[in-house]
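This report refers to the structure that appears directly beneath it.
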There are 2 protein chains.
Amino acid sequence: MDRLDREILRLLQNDATLSVSDIAEQIGLSSTPCWRRIQNLEKLGIIKKRVALLDAEKLNLGMTVFVQVKAAQHDINWLGRFAEYAAGIEEIVEFYRMSGEYDYMLKVVVADMKAFDVFYKRLVGGIELSDVTSSFAMEQIKYTTALAI
Amino acid sequence: MDRLDREILRLLQNDATLSVSDIAEQIGLSSTPCWRRIQNLEKLGIIKKRVALLDAEKLNLGMTVFVQVKAAQHDINWLGRFAEYAAGIEEIVEFYRMSGEYDYMLKVVVADMKAFDVFYKRLVGGIELSDVTSSFAMEQIKYTTALAI
DNA sequence: GTTGAAACGTATCTACC
DNA sequence: GGTAGATACGTTTCAAC
């Protein structure tokens, strides 16, 4: 993981459609060694996947909600069931175990308040939670998948 | 935006390396119309971009923090300056204006607590904030960029 | 207007230095 | 890390339905 690898990652996490020769040119290398570096970064799992990012607004998924929950039981089995349950719910796009007052933070993307209500009922109906609080995003000011490397 | 378009989006937001003919085959279409649909989805901005997703852990960026802040002033200029300021800080990967007690929610990705402290000082030093509270993620249980279409 | 097929140019990947 | 070449792919054009 030298400087050139980092430059490759920086380019690819902003635009995965760049051709190997484009990248090679930008970092000052010929195609093949550049291609080999990219292959290696993929083999190491540093590049996890390449995905298309969609416009949530245009797909009528303009509502983002942060849902904080407290565990009903503080045992590992409960977490396992919750994790498995959440993995299957497409509206939950991010899910973290947290320190502090609330045990879990979910980021949920839905169409509108009505859709959120459907999701909410499904969430609380599917697993026992002791406390749930929802914070609604009114505006997305920044969203990036690019890490500071 | 019919069923086939949605299927294309569903495939591409999970794997943007799929070739047009792969996608065409999976949705039961020939290459050319499939290619045209993809072009159109890009032209409409529904497909915003294609990016590489990196492994944060492997890049030593294992710490995710949700930072909630209250505005120092509730005027549009202050928000504009804050938005511009945050856009330039790579550690801030998501940024929302919120309803509720706190006005803004930031998602911050850093290496460790020391790096977070550096970020924190930069944040509070760069712009006037009236209240800041940080919640630390101990474990990422789910993360996806794929929307529920 | 929508599809399939064929042709061209370019990117990817292998073999070798 | 670099060079040359085979292969596969995306892209465009054209003809058929």
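Quick note on labels: first sequence line is chain A, next is B, and so on, each numbered from 1. The model shown is predicted, which means the values in this text are computed figures rather than measured ones.
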| task | Establish, yes or no, whether a centroid distance under 6.0 Å links the rings of B/Phe136 and B/Phe116. | result | yes
| request: Group every Ile, Leu, Val, Met, Phe, Trp and Tyr by side-chain heavy-atom contacts under 4.5 Å, then state whether B/Tyr120 and B/Leu61 land in the same group. | output: no
| message | Judged by each residue's nearest nucleotide on DNA chain C, which is more toward the 5′ side, A/Leu18 or B/Ser30? | response | B/Ser30
What's touching nucleotides 13-15 of chain C from the protein side, N or O pairs under 3.5 Å?
{"unit_1": "C/dC13", "atom_1": "OP2", "unit_2": "A/Trp35", "atom_2": "NE1", "d": "2.5"}
{"unit_1": "C/dC13", "atom_1": "OP2", "unit_2": "A/Gln39", "atom_2": "NE2", "d": "3.3"}

| Taking CG from B/Asp22 and C1' from C/dT12, how many angstroms apart are they, rounded to a whole number? | 15 Å
| Closest to the A/Ser21 side chain, choosing from C/dA11, D/dG10, D/dG2 | C/dA11
| said: Using the ring centroid of each side chain, check whether B/Tyr143 and A/Tyr96 are separated by less than 6.0 Å. | reply: no
| task | Figure out the CD1/C1' separation between A/Ile27 and D/dG2, and round it to whole Å. | result | 14 Å
| said: What contact category does A/Arg37 fall into here, base, sugar-phosphate, or nothing, at under 4.0 angstrom with non-hydrogen atoms? | reply: sugar-phosphate
| request: In plain terms, say whether A/Arg50 and A/Glu42 are close enough for a salt bridge, that is, a side-chain N and a carboxylate O under 4.0 Å apart. | output: yes
| task | Using a strict 4.0 Å threshold on nitrogen-to-oxygen distance, state whether B/Arg81 and B/Glu128 make a salt bridge. | result | yes
| NZ/NE/NH1/NH2 to OD/OE distance under 4.0 Å, B/Lys121 and B/Asp117 | yes
| field | Charged N-O contact under 4.0 Å between A/Asp5 and A/Arg37 | value | yes
| said: Which residues in residues 3-16 of chain A have a heavy atom closer than 4.0 Å to any atom of DNA chain D? | reply: none
| said: Tell me if the aromatic rings of A/Phe82 and A/Phe95 count as close, with their centers under 6.0 Å from one another. | reply: yes
